[in-house]
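Okay, structure first, notes after.
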Amino acid sequence: MKQGWLGMTADEQRRTVEKLYERVIETANKFLTNAKTFNISVLKLHNPTYAQIAAELRQLAQVLDVLAEQIDDGFTGFKAHEYVSYMERIAKAIDQGCTDTLDAVVEELDKRSFLL
């Protein structure tokens with residue numbers, strides 16, 4: 001049985017990538033749900049801020065991208081970065097207090113499949 005990262009089997013590596021990707025998708029879904037539910041003034045009060053969360057998810061997506069590439073899965077890393085980009089755009093709209101931009105990004109993200 002071939003082992004890689006820190007002695008993990010290929011199945012364990014694949015499951016780790018899947019779990020990290022699930023975290024990105026779950027967080028993107030929370031961003032979407034909250035942006036559809038709450039007024040922008042309420043969203044600005046979130047602690048940590050949406051920008052801080054998006055920045056952390058960007059780091060996670062970068063790690064996920066590297067790990068996914070090591071198991072010959074370039075698609076998962078790409079999709080993670082794509083969803084994080086939506087989160088960053090939502091965070092920026094919240095920080096700027098721009099309801100029109102927020103609504104436009106939410107509409108785009110709402111059309112996404114959120115497939116795991």
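Heavy-atom basis, side chains included; hydrogens, waters and symmetry copies ignored.
Screening Met8, Arg15, Gln13 for a side chain to side chain contact (heavy atoms under 4.5 Å, CB included) with Asp11, the sole residue that qualifies is Arg15.
For His81 against Ala61, the heavy-atom pair with the smallest separation is NE2-O, 3.5 Å. For the pair Leu60 and Arg23, the tightest heavy-atom approach, listed with the atom from each and the gap, is CD2-CG, 3.9 Å. Closest of all the heavy-atom pairs between Ala68 and Thr76 is CB-CB, 4.5 Å. Ala93 approaches Ile40 most closely through the heavy-atom pair O-CD1, 3.6 Å.
Judged by a 6.0 Å distance limit and a 45° cone about the ring axis, Arg112 is not positioned over the six-membered ring of Tyr86.
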Exercise. Check the pair Asp95 / Tyr50 against side chain to side chain contact (heavy atoms under 4.5 Å, CB included), numbers first and verdict last.
Key: CA-CA 8 Å; Asp95 285 348; Tyr50 284 90; 6.0 Å; no

Practice problem: Show your reasoning for whether side chain to side chain contact (heavy atoms under 4.5 Å, CB included) applies to Met87 and Val24. | Solution: CA-CA 10 Å; Met87 289 185 266; Val24 171; 4.0 Å; yes

Quiz item: Could you go step by step and tell me if His46 and Ile53 meet the side chain to side chain contact (heavy atoms under 4.5 Å, CB included) rule?
Solution: CA-CA 10 Å; His46 197 273; Ile53 296 168; 3.7 Å; yes

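Taken from CG in Leu57 to CD in Glu26, the straight-line distance is 10.5 Å, to the nearest 0.5 Å. One distance of note links OG1 of Thr99 with CD1 of Ile94; it measures 10.0 Å at 0.5 Å rounding. The line from CG of Asp73 to CZ of Phe78 is 12.5 Å long, rounded to the nearest 0.5 Å. For the atom pair Tyr21 OH and Phe75 CZ, the distance stands at 6.5 Å (nearest 0.5 Å). Annotation: the span from Leu32 atom CG to Lys30 atom NZ amounts to 13.0 Å, rounded to 0.5 Å. Interatomic distance, NZ of Lys19 versus CG of Leu64, reported as 14.0 Å (0.5 Å rounding).
Side-chain atoms of Ile90 and Leu43, non-hydrogen and from C-beta on, never get closer than 4.5 Å to each other. Thr101 has its side chain out of reach of Gln96: every pair of non-hydrogen atoms, C-beta onward, lies at least 4.5 Å apart.
Enclosure of atom CZ in Arg58 by more than 12 non-hydrogen atoms of other residues, nucleotides or ligands within 6.0 angstrom is indicated.
Remark: Lys79 engages Glu82 in a salt bridge, criterion side-chain N to carboxylate O under 4.0 Å.
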